[in-house]
Amino acid sequence: MSDWLKGSVKKVVIIPHVNPDGDAIGASIGLNDIFINAGFDSCVIVPNDFPGYLNWLDNHHHPLVYENNTKLCQNILAKTDALFFLDFNDLKRLGKIEEYLHFMKKPIVLIDHHPDPKINAEYIFSDTDVSSTAELVYDFVEALGMLEHIGRVGSNALLTGIIADTGSFSHNASRHSTYRIVGELINKGADKERINDSLFNNFSEKRMRLLGYCLSEKMEIFPQYRSAVIWLTANELKKYDFQPGDTEGFVNYPLSIKGIVFSAFFMEKNGIVKVSFRSKGNFATNEFSGEHFHGGGHRNASGGETKLSIKEALELFRSLLPKYALQLETD
Ligand code: 5GP
Ligand code: MN
């Protein structure tokens, strides 16, 4: 791997999953900056737009958005020596880029922490025990002996990924090595306060009011199944001037109610219903999502989508809970 990368690879393109979150963007911007510092011709192409609160991470090399700049992105993809896929392991999560890459034979390096990789990559760095893809990027860079190339941009970006995917160290964050890496990133200039502020204290007034509306009007609790669901229609999103990223984290709120172990969030988006699932304990939301909502992810955090109407999707969800009663009651 090291010989190949340092020998015959000059141009690289880093691609995170569609609807990229803090880890997908943090890991991608971090690796990109490290590659650029190491002399590679590197860039990040995201399938679609990402939340504006991540923009500050790199003011010089802003990721290109495939949906908005398709021709330019295709030219860059055609000339690249290697593709780095970050924070996903199923080609479906490339969004529209999949159609273009389909006929292209480029070496792929996969760095990811989701279960069951489904991509036939030349090199796979996959570990479901690791907190985030950003942490795996650090491991990868360390294994290649390239830590000296992590500067302020790289350290802020990687720490953003770790903090975003662990909910500020509240889940998937029980391994010693995570804290060793966090310490190293802080040594290299990462600003933990600014990262926390940008991720958690950076919302618009409308987003705050949308959250209030969800919690007071749109949350349905199923005490007998220790479950809850919140849902939003396209009209409601419009009313609150929805911006990408605004509903991130909404799905977590019901889990702070005593006794609730499974939470779902449904919203209408681009003519389909996008769903998110979270759980505490053993309930495997990724299996639930895979079986009923064409999705996947981690045991305690997963997502999916359906072409059902939001009303039908909610009815399906309600009808499924009794079938999972045993698992939900005993977890
Ligand atoms: P979120 O609920 O924040 O959108 O996603 C939570 C987790 O589920 C992430 O790890 C994400 O990668 C995964 N995920 C979200 N949506 C989908 C989807 O449509 N398909 C698959 N396979 N995974 C998803
Ligand atoms: Mn991740």
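First listed ligand is number 1; within each ligand, the first listed atom is number 1. None of the values given here were measured: they were computed from a predicted structure.
The shortest N or O to N or O distance between Ser276 and ligand 1 is below 3.5 Å. Residue Gly303 places at least one N or O, backbone or side chain, under 3.5 Å from an N or O of ligand 1. Residue-to-ligand polar distances place Gly296 within reach of ligand 1: an N/O pair is separated by less than 3.5 Å.
Using a 4.0 Å heavy-atom cutoff, Lys274 is listed among the residues neighbouring ligand 1.
Ion pairing between a basic and an acidic side chain is recognised when a charged N comes within 4.0 Å of a carboxylate O; Glu184 and Lys188 show no such pairing. Electrostatic pairing of Lys269 and Glu305 does not count as a salt bridge here, judged by no charged N lying under 4.0 Å from a carboxylate O. A salt bridge is defined here as a Lys NZ or Arg NE, NH1 or NH2 lying under 4.0 Å from an Asp or Glu carboxylate O, and Lys11 with Asp41 meets this definition.
For the atom pair NZ (Lys206) and CD (Gln243), the distance works out to 9.0 Å, reported to the nearest 0.5 Å.
Rounding to the nearest 10°, we obtain 170° for the angle at the Mn ion (ligand 2) between Asp87 OD1 and Asp165 OD2. Rounded to 10°, the angle formed at the Mn ion (ligand 2) by Asp23 OD2 and His113 NE2 is 100°.
Atoms of ligand 1 found under 4.0 Å from any heavy atom of Gly304, numbered from 1 in the order shown, are 16 (N), 17 (C), 18 (C), 19 (O). Annotation for ligand 1: atoms under 4.0 Å from non-hydrogen atoms of Arg93 are 11 (C), 12 (O), 14 (N), 15 (C), 16 (N), 17 (C), 18 (C), 20 (N), 21 (C), 22 (N), 23 (N), 24 (C). Proximity to Ala301 (heavy-atom distance under 4.0 Å) selects the following atoms of ligand 1: 7 (C), 8 (O). The distance from ligand 1 to the heavy atoms of His298 drops below 4.0 Å at these ligand atoms: 10 (O).
In this structure, the ring of Phe277 has its center no less than 6.0 angstrom from the ring center of Phe283. Taking the six-membered ring for Trp, Phe35 and Phe84 have ring centres closer than 6.0 Å.
With Lys92, His113, His114 as candidates, the residue nearest to atom 9 (C) of ligand 1 on a non-hydrogen basis is His114. The closest heavy-atom contact to atom 3 (O) of ligand 1, among the options Arg278, Glu248, Lys118, His17, comes from Arg278.
Defined by atom type and a distance below 3.5 Å, a donor-acceptor pair is missing between the side-chain atoms of Thr166 and Asn172.
Distance alone, capped at 3.5 Å, is enough to place a donor-acceptor pair between the Asn300 side chain and the Ser279 backbone.
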